[in-house]
Structure formats: structure tokens, C-alpha cells
Amino acid sequence: MTWNVPENPALEGLEAKWSARWKADDTYAYHLAPRADTFSIDTPPPTVSGALHVGHVFSYTHTDTVARFQRMRGKHVLYPMGWDDNGLPTERRVQNYYGVRCDPTLAYAPDFVPPDKPDAKHPVSVSRRNFIELCLKLTSIDEQTFEDLWRTIGLSVDWSRLYSTISPQAQTVAQRAFLRNAARGEAYMSEAPTLWDVTFQTAVAQAELEDRNYAGFYHRIAFHKPDGSPIYIETTRPELIPSVCALIAHPDDERYKPLFGTTVTSPLFGTEIPVLAHPKAEPDKGAGIAMCCTFGDLTDVTWWRELSLPTRTIVQRDGRLARETPDWLPNSAPYAEMAGKTPFSAREAIVGMLRESGDLDGEPTPTMRKANFYDKGDKPLEIVASRQWYITNGGRDEALRARLIERGEELQWVPDYMRHRYTNWVEGLNGDWLISRQRFFGVPFPVWYRLDGDGQPDYDNPIFASEQALPVDPMAETPPGFDEAERGRPGGFTADPDVMDTWATSSLSPLIVCGWESDPELFAAAFPMDLDPHAHEIIRTWLFSRVVRSHLEFDCLPWHTAAISGFVVDRISHEKWSKSKGNAIVPDEILAKFGSDAVRWRAAMARPGTDSPFDETQMKVGRRLAMKLLNASKFVLGLGGPQPPSAVTEPVDAAMLDALKGVVAAATQAFEAFEYTTALEVTEAFFWTFCDDYLELVKERAYGTRGAGGGASAQAALQQALSIQLRLFAPFLPFVTEEVWSWWQSPTQGSIHLASWPSLGEFEGDGDGSMLDGVGAALERLRGVKSEAKASMKTALSAVAISAPADTLEQLKSVEADLKAVANITGDIAWSSSDELTVTAHVDL
RNA sequence: GGGCGCAUAGCUCAGUUGGUUAGAGCGCCUCCCUUACAAGGAGGAGGUCGGCGGUUCGAGCCCGUCUGCGCCCACCA
């Protein structure tokens, strides 16, 4: 039998060739199996409206190596993929891409066509339904691009299980879970001060906050005591003076103690406000006394709540100051200068007035302050009072918080220290999870409200959809017992207009992919899942939110193990990549330049949890390895036909296999602990030695030049070693290993990725792996002699003398013929015993 | 301010429960077209393991402390 070994093997084209084959053959399909035989992975659904960068490629490759290992070990691997396509990022992309804006008051236009030349500054208004149609259209395009990339890098996902967070299936899960949360009191509606993005005009959750530096000015401003004398505060937001409710200092602050319980008046407006004490006031900050407004920051909310202060809101949901003059201002005239302005303009106006009135002490001094931003927004968040849906997450319930912290302890973390980020986050929660968004492209709340005789909604008694009716769009469907004609009429009903935050859906990904309430057999086989893999930045969001949902619904963790990837960081600064810095690298170019196996190799060299600098020069090392595999395989398979393992008779051949046995044990152990890097390292280290030393050593004998028996022994050992090494490399280099496998094994055995992971039971005989160390050292010395003489490696050596410790000496003598062949030694070798290995020889130039 | 991590060769990183002379790859230098491989191969140079103190017969590793860097969280008057 001959093998189909190409004359000039190449890496080019392997991605296209094999990804197409795997797709056609459903190589990675999950087939239902008992729980113990299933390995289920909760793949993070990437946001399709964003661009994938090299960091994503690395992180997803880490998961793929584990998936492939488990599959080869005989597990049925449930490795799904999802697209996170609902939510604000998609809306924003659609607005820019098509030049449209959603106006929910408009009627649906069935024939609407987006403008040829989108003008983001003058967007076309479209109905909610038209807008959602455009979102679906664009996401389907984006998703194809994502799938192409994942197939190119060789992710072994079961594409038949693809889901998206806007799909009816995901909407059903999200609405059902919400209904159950609501029925148990875990989801509730509340009117409260809410972090608010003025650009997108929606509430945002604590987990989506990001603090950024924000340039501002300290203004030292006088309030007035009853006797007219000034008391100074410092603020960066003087435009909020109309909404001031109190001045607050620390209870122990001697400077202000005499003022507690008295009132002062605000500058310009003359509002009478109390001076109060609260421990959260910090004496060494600013003037030591703070002006509490509704609302400037989260501390204001605390004071407002705990000190029962009045609500004096002036910043509206569009981010501008109220156009109507507030009714609580005794002297309302100055407000006219600020009405309807942005905070920035209002600030300029009031500073001018304060300067004129003499209440501004000195000039404003520049400062860099931190401000809260929505992670997708570019204006600082405001705080407005609004009615929103929340899910309990321990933020206001110590018992639940303690239980959720315990969940984090239960979870196996790889690496272990990542658990601290979870604990840190849960301990720092300051409120429940706000899940409603005042947006359009998302999962609607399956809720309606009765309207009273005045047309006012009855929020205390929401009408919930039934689980059988899901998914439901309350804007298009009517609640049980009502008629569409009653929508919006007094005595009728109205739909909840909001959608759920995208995390409220993606927090249910284990339920979506495991067929919760829709495929009980699958659910029993796959849940709780085995592996939760992702990078560390979404521990506080995705990881935590899934723990919350699973804890509330099932009283268990959604998976046993969380494997956390690090980031790919900037090569020079070692800082993380970010959109604003624009330093992220797109994967397409390097994939084209080095090939998927090379990029995967580099990814696998980044250990769990560890950030790694992006360095393109590293990629070529992976490429060289892939190329070496092709060439070494070509050599081994070109020597002759199949040899049975029993043909291995030479001690050095058995020794090589014994050393490889140790590699299999080490790689397996590493993979079981999700330490894919170690598995790769031990495999690769062996492979290079295998090529440089063993393969060179036995080359002549393998040709059969010194007899059939010795030749067969070498060939059998080489073939077995190749088979095992290909399988050890398969999780990392799926393309090149599949290519080589196809030359000899797959015609009868199928894909290498469905072959079995090497086991210790495959090894026959008993060699002594340590023998290779002595042989390698001797080879190095022999080459060194030639290298020092600046001679070619094929130059002959004569008068060779080798001395070595006794046991090494015996080993070397047993491979004398091989040594003489590889080093081109003429005459006999003079052996002698000594403590240290030494080699002398004459170079026959 | 709280937490986590890192600091070993010019660069990127290994270094098992403390045990001879601290390793690998890249880069660099020298050599070699050798019938698997020149997008290759061989050989070599290069490190007082961030500083200080301690434990120990012995510390890159353990303890304390300081410095620098990165990340997470909090604060943002």
C-alpha cells in the first residue's frame, strides 16, 4: 500500500479546503448523549455590530483547543455559537449605516427603502417596525462575516445550533425567564433615580458604567447664612445650583457643626436650604461641605434618600435643563438664562451671573475629574427619576448577596485568582440589576398595563402574558380579554414600551443552548454546563448575570468551570486595546499572512488569564511549526508502507516512543486542567527534538540501507510517533494535521478530529526514554566539532573518541551504527569511560 | 482608597513540593544549499532572576518591606 503524499506540501489553501469539508461532513455536530458523555460549552455570543479583533480570535481559539481535546477523548461536545445582535450597539450601527432614526410615533411603511447616501446628520425618520427590519437586515449581513471568520480560524462549533439573541427562540427564553422572575418577586418595577444616557435616552445598568477622565473646573461659590455672611462650597457643576436641596458636611466636622440644623440660601435663586450632617461627606474634599442636588452623582442619591430631601429635578431626559422655570425658586429670573440649555452652556451662563453677583470666589480652576459614562456613550451620564424593571442581584439584599458570593466560591476558576474579580464585584453592588431600556431593537417585556378612566396606566397591577403565548410583542398583540381597539383608550390597556437590556437575554445563554423548556432530553444531557470560557472583562457582566439567573431559576451554578482568557494588549505600551485609542488589530491580515494554524499557535501560547502583547514576529514561529509538520510527515510517509508496532526492535526506537509516552501523559494532564499552553509546549518541545535528533539519527537506517529489520523498526517507530504527534497537535493546528492525516489515515479512519486522543495503552514494548538525552548530547558534540571547524555537516569525521559515564556509554554503543551514519564517521569509535561526556574527532576537510 | 496580578537574557515567556553550572523561542553573531524542510539546518554569545532585609546547610522559588507596571472595583464636592 502506498500513501498519497504530495511532492510539495504547502499550507496555502488548507483553511478553505478543510473548513468546507468539515461543513459538508458535519464533523463537529453534537449527537445527543448521556450527561456523563457530554461536554457542554457556553460560548460567549459576540456582539455582531462590533468588529472582531485579534483578542477575540485568541480567546475563542483557547476554547476551541479544549473542545477539540474533549471531543478526541470521546466526549460528545456541545459547542454552540451565538450572535448577540439585539440592543443598542446594533441600533447605533443601523442608524449610521442606513442614515435613519427610529420614531415610534410613525406608522409602518411597507415599501420603505433606506436612502442611497446615508446622511447621519440628517437621518430619515422611520417607524419602529421599519427600524427593526433594518436591524435584522444588517445583522444578518454582519453575522455572515463573523461566521466566515470563525470557520477560517477553524472553530469546531456545531453550526446547526447557531442562535442569536434577537431570535424568536431567544426571545421566548428571555420572556419566560422574566415571567418566572416576576412571579417569584425577583423581577419588579420601581420608580427611582436612574443612571441615564442623554444621547441614547435610555437607562443603563451599573455593570455598563465606565469611568473616564473628564475635564472640568472647580468653582468656589458662596451660599448665604441668614445674617448674609457667605459659606463657600466647591463644585464642578454650578449649573445644578437651581436643584440644590441641602448643604452637607461630616457630623464631626468642627467647622460646620454650628451650622447643622440652620438654613442658608442659594446664590442667585435664594432658595432656602438646610445644612445637614452625613457621614458620607468628606472633610478633606473640596471645601469640606458639599452641595447636594437632585441629582449630580450617586452620593446625592444616597443623601436624598437617607435624609428625605425634596426632589428638584432640572436636567431632563434629553440632557438639557428644563425649559419651564422651576416653581421652587424664590428668585426665578436668573433661570431664564439657563432654560433649555445643555449643562455645558448652562454652566457658562450661570458662571457669568455668579461672577456678576459676586458669589463666585476667584476664578474657576481647571481639574480633571472622573465621570461616569455608559460604556457605549460619549457624554457623561445624568441621573433622572424614572420607572424601570429590575431583577434582584444581591445589590440590596444581604442574604442573596452572600449566596451569590458563595456561588463564586463553588465555581472552579481557571486561573484560580480570577475569582477575586467576581467577589469584588458582587461585594460592591449598590443596587439591583436594571434591565429595562427605552429602546427598540430588543426583547420586549411581555407586559401590558390597564388604563384607568383618565387614561393613566395602572403600574401596580401589570398584565403578564402567558408562557404559552411566547414570544409576544405587546405592541402588536393584545392582552387576554382585551381587544386591539382598546389600546391606548381610557379603560383599555397599553403595552410596556421598553425592551430588555441585551444582558437580560445573554444571561440566559445556557438555557437557550441547552433547550430549556423546549428540548428536555438535551437539557438533561447538557445542563448545568461544563465550561464557561471568555475573557476577564465580562466577569462582572456576562458571567455574573448568568450566575444570578441560574441561581434564581435552578438554585445552582450554570457551569462547573470558568476558563478566563487574558487580553491581547498593545505591543509597546502593554495597555489594553480600546476603540478610543484605535490600537486594535483586525485579524484578517495576519490570518492571510501567516495562516490560521500559525495564529492559533500564537493564541495557544497565551496562558489562561494572562494578557499577552501582540507581536507579529511570533506568528511566524507557528507557521514554521506547521510547515515542519508537513515536511517531517512527508519524509516519514515517504519511507515505505505501514509497519506493525511489533516491528520496533531497536532500543533507540523504543526509547523514542517511551519518551513520547511521557509527553502524552503530560499533555493529557495539562489539558484536563484547561492548561492548553502546557499541553502545546510539551508536545512542541518533543517534536523539535524528534525532528532534529531522532529523525536525523535513524534516517539512514530507515532507508533500509543496513538491513530490513533495522529499517522496519525505524519505520514502525516513525509512523507510530507521527500518528501520535499529529493527534497531540490536532487541537492546536487543525488544518495542517487534518491535511497530513488525509494522506494516510482518513481514507479509512475519517477526520483526525474525530480520532481518539493518544492514550498510554497505544504504546507497546518498554524503551528507556532517558536514552535519548545521552544520544542528543552526543549528537550535539559531534555537530559542534564540525561547526567549530566551519565545515559542512556532511563532512566526514575520523578518529572519533567518545567518553561518557558508564550507563550513557552503553546507550551510545547500542546506537553506534546510527551515530556513524548521521555524523559520517569513518573508522571505529574509540569508547572510554569518564564522569563527563566528551567527544573528540578529526574533521576530514 | 480597596483588591488582583506581574517584575527572570535586547524582546516574549517557562522555571514543578527551596537542592549541582537558571531554561526555551524570537532577535543577534558564525557557519552550512545536507536527496523531509533555505519561509531551512547546525553551532555560539548573552542573565549579580526589580531593590533592601529575613528564614534556611542552601532562596529565582518561602516571609517582610520598598519601588515600578498592568488590570478590576470604589470615589469623583
Side-chain angles (χ1 to χ4, degrees), chain A residues 5 8-11 209 211 213-214 216 218-221 233-237 247-249 280-293 296-300 367-372 380 415 417-430 536-537 539-540 566-567 569 571 573-576 594 598 602 605-607 609-615 617-618 620-621 623-639 677-678 681 684-685 688 691-692 695-696 699 703 779-795 822 824:
Chain A
V5 183
N8 295 302
L11 298 173
L209 294 189
D211 52 306
N213 287 317
Y214 191 68
Y218 276 124
H219 305 75
R220 187 171 157 85
I221 291 167
I233 59 102
E234 285 189 27
T235 180
T236 57
R237 302 202 59 183
L247 295 190
I248 296 171
K280 266 191 112 171
E282 297 182 39
D284 54 353
K285 232 179 230 180
I289 186 163
M291 116 182 146
C292 175
C293 308
D297 60 37
L298 292 170
T299 313
D300 287 344
T367 177
M368 280 308 279
R369 65 192 191 102
K370 296 275 193 173
N372 283 325
Y417 60 79
M418 282 294 172
R419 69 173 67 252
H420 297 294
R421 300 210 181 181
Y422 175 94
T423 309
N424 211 352
W425 172 253
V426 182
E427 284 173 346
L429 288 170
N430 58 29
H536 48 59
E537 91 279 18
I539 290 174
R540 71 171 182 174
F567 278 147
V569 296
R571 185 172 66 87
S573 69
H574 287 200
E575 289 169 350
K576 76 174 183 181
F594 298 101
R602 178 61 189 88
M605 289 302 283
R607 308 184 110 81
T610 307
D611 293 345
S612 61
F614 179 79
D615 184 357
T617 64
Q618 301 284 329
K620 73 180 184 190
V621 181
R623 184 176 176 86
R624 206 178 52 161
L625 172 65
M627 201 64 217
K628 192 83 173 175
L629 262 172
L630 283 181
N631 285 309
S633 302
K634 176 188 156 192
F635 171 72
V636 170
L637 299 178
L639 288 169
T677 306
T678 303
E681 274 182 345
E684 194 184 350
W688 285 108
C691 289
D692 294 344
L695 209 148
E696 293 293 337
K699 188 183 277 183
Y703 283 136
L779 273 177
E780 193 176 309
R781 301 292 202 291
L782 288 164
R783 289 179 189 131
V785 169
K786 296 186 189 184
S787 192
E788 275 172 44
K790 300 191 188 306
S792 158
M793 285 300 136
K794 67 179 178 184
T795 310
V822 67
N824 193 15

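Throughout, protein chains are lettered first and strands after them, A, B, ... in sequence-line order, and every chain is numbered starting at 1.
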**Q** For B:A22 and B:G47, measure between their C1' atoms and round to the nearest Å.
**A** 8 Å

**Q** Rounded to the Å, how far apart are A:Leu639 CG and B:A36 P?
**A** 9 Å

**Q** Considering only atom P, compute the distance from B:C52 to B:C61 and round it to an integer number of Å.
**A** 13 Å

**Q** Which part of the nucleic acid, if any, lies within reach of A:Arg540 when heavy atoms closer than 4.0 Å are counted: base, sugar-phosphate only, or nothing?
**A** sugar-phosphate

**Q** Which heavy atom of A:Ala632 sits nearest to which heavy atom of A:Cys691, and what is that distance?
**A** CB-SG, 4.0 Å

**Q** How close or far is atom C1' of B:U34 from atom CZ of A:Phe635, stated in whole angstroms?
**A** 12 Å

**Q** Rounding to an integer number of Å, can you tell me how far A:Glu537 CD sits from B:C72 P?
**A** 9 Å

**Q** Should B:G70 form a Watson-Crick or G-U wobble pair with both distances under 3.5 Å, which nucleotide is its partner?
**A** B:C4

**Q** Does A:Cys691 reach a base, just sugar-phosphate, or nothing at all? Heavy atoms under 4.0 Å.
**A** base

**Q** Rounding to an integer number of Å, can you tell me how far A:Leu298 CG sits from B:A74 P?
**A** 10 Å

**Q** Taking atom C1' in both B:C72 and B:A36, compute the distance separating them and give it to the nearest angstrom.
**A** 50 Å

**Q** Nearest heavy-atom pair of A:Ile248 and A:Cys292: which atoms, and what distance?
**A** CD1-CB, 3.7 Å

**Q** For A:Ala281, answer base if it contacts any base atom (sugar-phosphate contacts may also be present), sugar-phosphate if it contacts only those atoms, and nothing otherwise; contact means non-hydrogen atoms under 4.0 Å.
**A** base

**Q** Would you kindly compare A:Ala632 and A:Lys786 by the position of their nearest RNA chain B nucleotide and give the one closer to the 5′ end?
**A** A:Lys786

**Q** Rounded to the nearest 0.5 Å, what separates atom OG1 in A:Thr617 from atom CZ in A:Arg571?
**A** 8.0 Å

**Q** Sequence neighbours left out, what passes ring pair (Phe, Tyr, Trp, His ring centres under 6.0 Å) with A:Phe567? Give chain and number order.
**A** A:His536

**Q** Students often get this wrong, so: under 4.0 angstrom with heavy atoms, is A:Thr299 touching a base, only sugar-phosphate, or nothing?
**A** sugar-phosphate

**Q** RNA chain B: A:Lys285 or A:Val621, which has the more 5' nearest nucleotide?
**A** A:Val621

**Q** Decide, yes or no, whether a salt bridge links A:Glu780 with A:Arg783 under the criterion of side-chain N to carboxylate O below 4.0 Å.
**A** no

**Q** Taking A:Thr610 for its side chain and A:Ala606 for its backbone only, find out whether a donor-acceptor pair lies under 3.5 Å.
**A** no

**Q** Return the value, rounded to whole Å, for the distance between atom CG of A:Asp300 and atom C1' of B:A77.
**A** 9 Å

**Q** Indicate, with a heavy-atom threshold strictly under 4.0 Å, whether A:Tyr703 touches base, sugar-phosphate, or nothing.
**A** sugar-phosphate

**Q** Would you find a donor on one side and an acceptor on the other, under 3.5 Å apart, between the side chain of A:Asn631 and the backbone of A:Lys628?
**A** no

**Q** Measuring only the C1' atom in each nucleotide, how far is B:G27 from B:U34? A whole number of Å is fine.
**A** 26 Å

**Q** Looking only at side-chain atoms of A:Lys794, point me to the closest of B:U34, B:C73, B:A36.
**A** B:U34

**Q** Choose from B:A36, B:A77, B:U34 the nucleotide whose nearest atom is closest to any side-chain atom of A:Asp297.
**A** B:A77

**Q** Side chain of A:Asn631: nearest nucleotide among B:A36, B:C32, B:C75?
**A** B:A36

**Q** In chain order, what residues pass the salt bridge (charged side-chain N to carboxylate O under 4.0 Å, His left out) check against A:Arg623, with sequence neighbours excluded?
**A** A:Glu12

**Q** Between A:Trp688 and A:Arg624, is there a cation-pi geometry (under 6.0 Å to ring centre, at most 45° from the normal)?
**A** yes

**Q** For B:U48 versus B:U21, give the span between their C1' atoms, rounded off to a whole number of Å.
**A** 15 Å

**Q** Charged N to carboxylate O below 4.0 Å: is that the case for A:Glu681 and A:Arg607?
**A** yes

**Q** Using nucleotides 9-18 of chain B, report all nitrogen or oxygen pairs with the protein that are shorter than 3.5 Å.
**A**
{"from": "B:U12", "atom 1": "OP1", "to": "A:His574", "atom 2": "NE2", "distance (Å)": "3.2"}

**Q** Backbone N or O of A:Thr795 within a donor-acceptor pair of the A:Lys786 side chain at under 3.5 Å?
**A** yes

**Q** Expressed in whole Å, how much space separates the P atoms belonging to B:U67 and B:A14?
**A** 26 Å

**Q** Quantified in whole Å, what is the P atom distance between nucleotide B:C49 and nucleotide B:A9?
**A** 10 Å

**Q** Paired with B:G27: which nucleotide, if any, by Watson-Crick or G-U wobble criteria at under 3.5 Å for both distances?
**A** none

**Q** What integer distance in Å separates A:Leu429:CG from B:C72:P?
**A** 17 Å

**Q** Return the nucleotide paired to B:U17: Watson-Crick means purine N1 to pyrimidine N3 with N6-O4 or O6-N4, wobble means G-U with N1-O2 and O6-N3, both under 3.5 Å.
**A** none

**Q** Would you mind reading off the distance between A:Asp211 atom CG and B:C72 atom P, rounded to a whole angstrom?
**A** 9 Å

**Q** Reading nucleotides 38-43 of chain B 5' to 3', which nucleotides get B (base under 4.0 Å from a protein heavy atom), which S (sugar-phosphate only), which -?
**A** -BSSBS

**Q** I need the CG-P distance between A:Asn824 and B:U35, as an integer number of Å.
**A** 13 Å

**Q** Could you tell me which non-hydrogen atom of A:Tyr214 sits nearest to which non-hydrogen atom of A:Ala371, and how far apart they are?
**A** CB-CB, 4.0 Å

**Q** Using a cut-off of strictly less than 4.0 Å, decide whether A:Lys699 has a side-chain nitrogen or oxygen near OP1 or OP2 of B:A36.
**A** yes

**Q** Please identify each residue that fulfils ring pair (Phe, Tyr, Trp, His ring centres under 6.0 Å) with A:Tyr703, with sequence neighbours left out.
**A** none

**Q** Classify the nucleic acid contact of A:Tyr214 as base, sugar-phosphate or nothing, counting any heavy atom under 4.0 Å across all strands shown.
**A** nothing

**Q** For B:C62 versus B:C71, give the span between their C1' atoms, rounded off to a whole number of Å.
**A** 26 Å

**Q** Ignoring hydrogens and geometry, is there a side-chain-to-backbone donor-acceptor pair from A:Asn824 to A:Lys794 under 3.5 Å?
**A** yes

**Q** Is any side-chain nitrogen or oxygen of A:Arg369 closer than 4.0 Å to OP1 or OP2 of B:A77?
**A** yes

**Q** Quick check: any donor-acceptor pair below 3.5 Å linking the side-chain of A:Glu696 to the base of B:A36?
**A** yes

**Q** Is any side-chain nitrogen or oxygen of A:Thr236 closer than 4.0 Å to OP1 or OP2 of B:A77?
**A** yes

**Q** Determine which nucleotide pairs with B:G64, using a 3.5 Å limit on both distances of a Watson-Crick or G-U wobble pair.
**A** B:C52

**Q** According to the Watson-Crick and G-U wobble definitions, with both distances under 3.5 Å, which nucleotide is paired to B:U35?
**A** none

**Q** Treating primed atoms plus P, OP1 and OP2 as sugar-phosphate and everything else as base, which nucleotides of nucleotides 1-6 of chain B get B, S or - for protein heavy atoms under 4.0 Å?
**A** -B-SS-

**Q** For a quick test of reading the model, state the closest non-hydrogen atom pair linking A:Met291 to A:Asp300 and the distance between them.
**A** O-OD1, 4.1 Å

